[in-house]
Amino acid sequence: MKVELPGIAAPLIDWQKRHGRHALPWQQTRDPYRVWLSEIMLQQTQVATVLGYYDRFLARFPDVASLAAAPLDDVLALWAGLGYYSRARNLHRCAQAVMSDFGGAFPPSAAQLVSLPGIGRSTAAAIAAFCFGERTAILDGNVKRVLTRVLAFEDDLASTTHERRLWAIAEQLLPQDQGIEAYTQGLMDLGATLCSMRQPLCNSCPLSDLCEAHRQDRTEQFPVKTRKVKRSRRANALLWLQQGDAVWLVQRPDTGVWAGLWSMPEFEDLEAAEAWLGDWPGERQPLPVVRHVLTHFDWELSPLRHTLPERTGPKRLERLQRTWPTGKWVTLADLPAHGLPAPVAKLLR
DNA sequence: CACGCGTGGGG
DNA sequence: TCCCCAAGCGT
């Protein structure tokens, strides 16, 4: 069955050139390193948030070689607060793969890029389009919204089959021979500005004449997505051990929540933390609970702050190190050099 | 294929 | 208070 698809490329490209975004820090360059870094940071993350990280990261790691040579811990420290920390791990692994497998230059095709850690189909396409002018389709949250509306695409995107069908359509909608950069950027810009989730600004949209959802006055009904992950609840205790101006921090395991970041020792509950401390001398005080929301659960963290006397016996300090082999005392001044989870950084501050 | 994985903002 | 979402990917 042959289905007629609307010609969105020409009006979209024209609109992007006139009204799209052109001055973001990762634009005006075809350097794959800079584009790649921005694409990874922007995964599931809004532009406004990334703006606070991108330049700082680039100043510390100006090229793929410097990133590949750095300790992972330094990379995580710069990523701290951005979330989805596996991105930072994969970023680091990817930089090393580019050095070892591609001689320090990103491969110039989406097909090769997608084989690198942290680069999926959409990110590979974005890099290939922006840096190498490859005619290939992206399909992120913005593009899904724009395309499902233009087409009045009724199928549930929670289904892999339906999403695959939308990918195929995205490929067919690409401009025939020119303007893949402006087209790709235009889809993102449109989704991020006019074609918003609620109350889209159809009056200003270059595609409104072609848009089936707009014609039916049903824009807010697309995209169709049923996925509903119910968020669970967890409660734990954090042991805030203070000595002088230093805090006892431990590096979290390299899998799970906040993988590889520095945090305070975590306990099942306040009682368990109390029990571990036993009769240790010093001032002990439970602090108000910290509520933190992650994608899959609400977390209630109850900090137990314990200030050790200046002269604390070596036996006790040895027990600390034995219980948490990765642990160490970190002074206030050294906190910024460590990757702390957002709520932990806030608590310590 | 379903789920794990952060954080901040908006309605 | 609660739900949804944001330039998704890996397992």
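Quick note on labels: first sequence line is chain A, next is B, and so on, each numbered from 1.
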Quiz item: Quick one: the side chain of A:T295 and the base of B:dG4, do they pair up donor-acceptor inside 3.5 Å?
Solution: no
Practice problem: Please tell me which of A:S159 and A:V257 maps to the more 5' nucleotide of DNA chain B, matching each residue to the nucleotide holding its nearest heavy atom. | Solution: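 The residue closer to the strand's 5' end, by nearest nucleotide, is A:S159.
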Quiz prompt | Upstream residue (5' side of DNA chain B) when A:A342 and A:A158 are each assigned their closest nucleotide | solution =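 With A:A342 and A:A158 compared, the 5'-side residue is A:A158.
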Self-check item: Pairwise distance CZ(A:F267) to CD(A:E274) - rounded to 0.5 angstrom
Solution: 10.5 Å
At under 4.0 Å, does any side-chain N or O of [X] touch on OP1 or OP2 of [N]?
{"X": "A:Y85", "N": "B:dT7", "result": "yes"}
{"X": "A:R198", "N": "C:dC5", "result": "no"}
{"X": "A:H296", "N": "B:dC5", "result": "no"}

By nearest atom, which of the nucleotides [options] is closest to the [X] side chain?
{"X": "A:Q43", "options": "B:dG6, C:dG8, C:dA6", "result": "C:dG8"}
{"X": "A:Y84", "options": "B:dG6, C:dA6, C:dC9", "result": "B:dG6"}
{"X": "A:S122", "options": "B:dC5, C:dG8, C:dA6", "result": "C:dG8"}

Taking atom [atom2] of [N] as reference, at what distance in whole Å does atom [atom1] of [X] sit?
{"X": "A:I138", "N": "C:dC9", "atom1": "CD1", "atom2": "P", "value": "11 Å"}
{"X": "A:R121", "N": "C:dC9", "atom1": "CZ", "atom2": "P", "value": "10 Å"}
{"X": "A:L42", "N": "C:dC5", "atom1": "CG", "atom2": "P", "value": "19 Å"}
{"X": "A:L261", "N": "B:dC5", "atom1": "CG", "atom2": "P", "value": "13 Å"}
{"X": "A:H162", "N": "B:dA2", "atom1": "NE2", "atom2": "P", "value": "12 Å"}
{"X": "A:L82", "N": "B:dC5", "atom1": "CG", "atom2": "P", "value": "18 Å"}
{"X": "A:Q46", "N": "B:dG6", "atom1": "CD", "atom2": "C1'", "value": "13 Å"}
{"X": "A:E163", "N": "B:dC1", "atom1": "CD", "atom2": "P", "value": "10 Å"}

Quiz prompt | Nearest-Å distance once atom P is located in both B:dG6 and C:dT11 | solution = 14 Å
Practice problem: Quote, to the nearest angstrom, the C1' distance that separates B:dC1 from C:dA6. | Solution: 23 Å
Quiz item: Do A:T45 and A:R87 get their side chains close enough for a donor-acceptor pair, meaning under 3.5 Å?
Solution: yes
Self-check item: Side-chain H-bond candidate by donor/acceptor type, A:S109 with A:Q112, under 3.5 Å
Solution: yes
Exercise. Could you check A:Y54, A:Y33, A:F130 and say which one makes a ring-ring contact (aromatic ring centres under 6.0 Å, His included) with A:W26?
Key: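 With A:W26 as partner, ring-ring contact (aromatic ring centres under 6.0 Å, His included) holds for just one option, A:Y54.
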Practice problem: Is it possible for you to check whether A:R149 lies under 6.0 Å from the centre of the six-membered ring of A:F222, through NZ or CZ, and within 45° of that ring's axis? | Solution: no
Under 4.0 Å between any heavy atoms, over every strand shown, what does [X] touch: base, sugar-phosphate, or nothing? Just pick one.
{"X": "A:G256", "answer": "sugar-phosphate"}
{"X": "A:T123", "answer": "sugar-phosphate"}
{"X": "A:V50", "answer": "nothing"}
{"X": "A:T45", "answer": "base"}

Self-check item: Base paired to B:dC5 (Watson-Crick or G-U; both N/O distances under 3.5 angstrom)
Solution: C:dG8
Quiz prompt | Residue met sooner reading DNA chain C from 5', once A:W26 and A:L116 are mapped to nucleotides | solution =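 Nearest-nucleotide comparison on DNA chain C picks A:W26.
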Exercise. Taking only Lys NZ, Arg NE, NH1 and NH2, and the carboxylate oxygens of Asp or Glu, determine whether A:R215 and A:E212 approach each other closer than 4.0 Å.
Key: yes
